[in-house]
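Chain naming here is simple, since letters A, B, ... match the order of the sequence lines and numbering starts at 1 in each.
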There are 2 protein chains.
Amino acid sequence: MEETPSCRVETALEILTGKWKPSILLELITHDTLRFSELKRNLPNITQKMLTAQLRELELNDIVHREIYQVVPPRVEYSLTDYGKTLIPVLNAINAWGEKHVEHLAQKDRLQDATSSSTSDSF
Amino acid sequence: MEETPSCRVETALEILTGKWKPSILLELITHDTLRFSELKRNLPNITQKMLTAQLRELELNDIVHREIYQVVPPRVEYSLTDYGKTLIPVLNAINAWGEKHVEHLAQKDRLQDATSSSTSDSF
DNA sequence: CTTCATGGTATCGTTTAGGATACTATACCA
DNA sequence: TGGTATAGTATCCTAAACGATACCATGAAG
């Protein structure tokens, strides 16, 4: 890691990227507390291995809390830590830009279609 | 792509992630306009292939503008589009959280060191 | 004694991102 | 005629991310 400003962007992005982390975080934001099996149910295509791995990484970064109940069959509950909740506004900002972006691209495509059809509207 | 909110987070993140995109964006934010060779010089470890590929992706998403001058040897200048500049506040938010995060982790580690040294302070 | 549910690991294969290196076109300059 | 600079491509290779599948430990219920 270097000391340039972009480095901190990368630091933050490391935590948010990965094929499943945004979805996992969204689940925990909207449901507060979820068991492992509930997360797995709500993320239909994730494998157990990936879910475990991503949760462990989030736990390492103090974003999610893992609560183990010593019962059989096991019961493990996941939730955002207070610190993890500081990510919510950041995720909202990213999501808002993402929404604008799909609109922006759609508009660009409409313009391209219009100009390309005007060059080929002899058909 | 699905319709869930997290999807737009992923949409946005696709544009920001990749080993070099944050650095490239930072360069263009701080220098306004840069030639291909200048970008390459400022990003010492990037390969020509990666620089080209990342710039093309950013161009496709209308984040950077590519201006080609028909001279020999070639001169190509890259800059943020007006639309690309809407990313700046998002990057700032991400960067700010990243800064907090390194502090947070450092603090956590200090606490851990303190407790672990208190269990082993017979040395 | 078998079965079931839960929350995992372990192992292997595939797919993707990224890197190293060589090559190219062009016109000017010596 | 040959070298130089710029902005790339093309090809091949490695490493990391991701996925499929099989396996495991536990104790209660039947």
**Request:** Shoot me the first and last contacting nucleotide of DNA chain C against chain B, ordered 5' to 3', at under 4.0 angstrom to non-hydrogen atoms.
**Result:**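 Both ends considered, the range comes out as C/dG18 to C/dA27.
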**Request:** Going by the side chain to side chain donor-acceptor pair (under 3.5 Å) test, name the single residue among B/R75, B/R35, B/E77 that passes it with B/Y69.
**Result:** B/E77
Side chain [X], main chain [Y], donor-acceptor under 3.5 Å:
X     : Y     : answer
B/K21 : B/T17 : yes
A/T11 : B/G98 : no
A/H31 : A/E27 : yes

**Item:** Nearest-0.5 Å distance, CG of residue A/L58 to CG of residue A/L16
**Value:**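 That separation rounds to 9.0 Å.
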**Asked** At what distance, to the nearest 0.5 angstrom, does NE2 of B/H104 lie from CD of B/E99?
**Response**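 Rounded to the nearest 0.5 Å, the NE2-CD separation comes out at 15.5 Å.
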Rounded to the nearest angstrom, tell me the gap between atom [atom1] in [X] and atom [atom2] in [N].
X     : N      : atom1 : atom2 : value
B/R35 : D/dA5  : CZ    : P     : 13 Å
A/I46 : D/dA20 : CD1   : C1'   : 14 Å
B/L34 : D/dT6  : CG    : P     : 14 Å
B/E10 : D/dC18 : CD    : P     : 11 Å
A/Q70 : D/dG27 : CD    : P     : 10 Å
B/Y78 : D/dA7  : OH    : C1'   : 8 Å
A/L43 : D/dG19 : CG    : C1'   : 15 Å

**Prompt:** Closer than 4.0 Å, any side-chain N/O of B/R56 to the OP1 or OP2 of D/dT9?
**Reply:** yes
**Item:** Any B/R66 side-chain N or O less than 4.0 Å from OP1/OP2 of D/dG8
**Value:** yes
**Fill in**
Expected list for residues 48-55 of chain B near DNA chain D, using heavy atoms below 4.0 Å, is B/Q48, B/K49, B/T52
**Message:** Please determine whether residues A/V71 and A/F36 belong to a single hydrophobic cluster, defined as Ile, Leu, Val, Met, Phe, Trp and Tyr linked transitively by side-chain heavy-atom distances below 4.5 Å.
**Reply:**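 No, it is not one cluster - the side chains of A/V71 and A/F36 are not joined through contacts under 4.5 Å.
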**Prompt:** Should B/L105 and B/L111 be counted in the same cluster of Ile, Leu, Val, Met, Phe, Trp and Tyr side chains packed under 4.5 Å apart?
**Reply:** no
**Request:** Go through the steps to decide whether B/I24 and B/L51 satisfy the test side-chain contact (heavy atoms from CB on, under 4.5 Å), and finish with yes or no.
**Result:** CA-CA 8 Å; B/I24 292 173; B/L51 183 52; 3.8 Å; yes
**Prompt:** Given that A/W20 and A/V72 both sit by DNA chain D, which one's nearest nucleotide is further toward the 5' end?
**Reply:** A/W20
**Request:** Decide side-chain contact (heavy atoms from CB on, under 4.5 Å) for B/L25 and A/V9; before the verdict, give the C-alpha distance in whole Å, the side-chain angles of both, and the deciding distance to 0.1 Å.
**Result:** CA-CA 11 Å; B/L25 290 173; A/V9 172; over 6 Å; no
**Message:** So if I take the C1' atoms of five pairs at each end of the helix from C/dC1-D/dG30 to C/dA30-D/dT1 and get each local axis, what angle do the two axes make, rounded to 10 degrees?
**Reply:**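 The helix from C/dC1-D/dG30 to C/dA30-D/dT1 shows an end-to-end axis angle of 30°.
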**Request:** Start with the C-alpha gap between A/H101 and B/R8, add the side-chain angles, then the distance that decides, and say whether side-chain contact (heavy atoms from CB on, under 4.5 Å) holds.
**Result:** CA-CA 9 Å; A/H101 188 58; B/R8 300 325 182 190; over 6 Å; no
**Request:** Under 4.0 Å between any heavy atoms, over every strand shown, what does A/Y69 touch: base, sugar-phosphate, or nothing? Just pick one.
**Result:** nothing
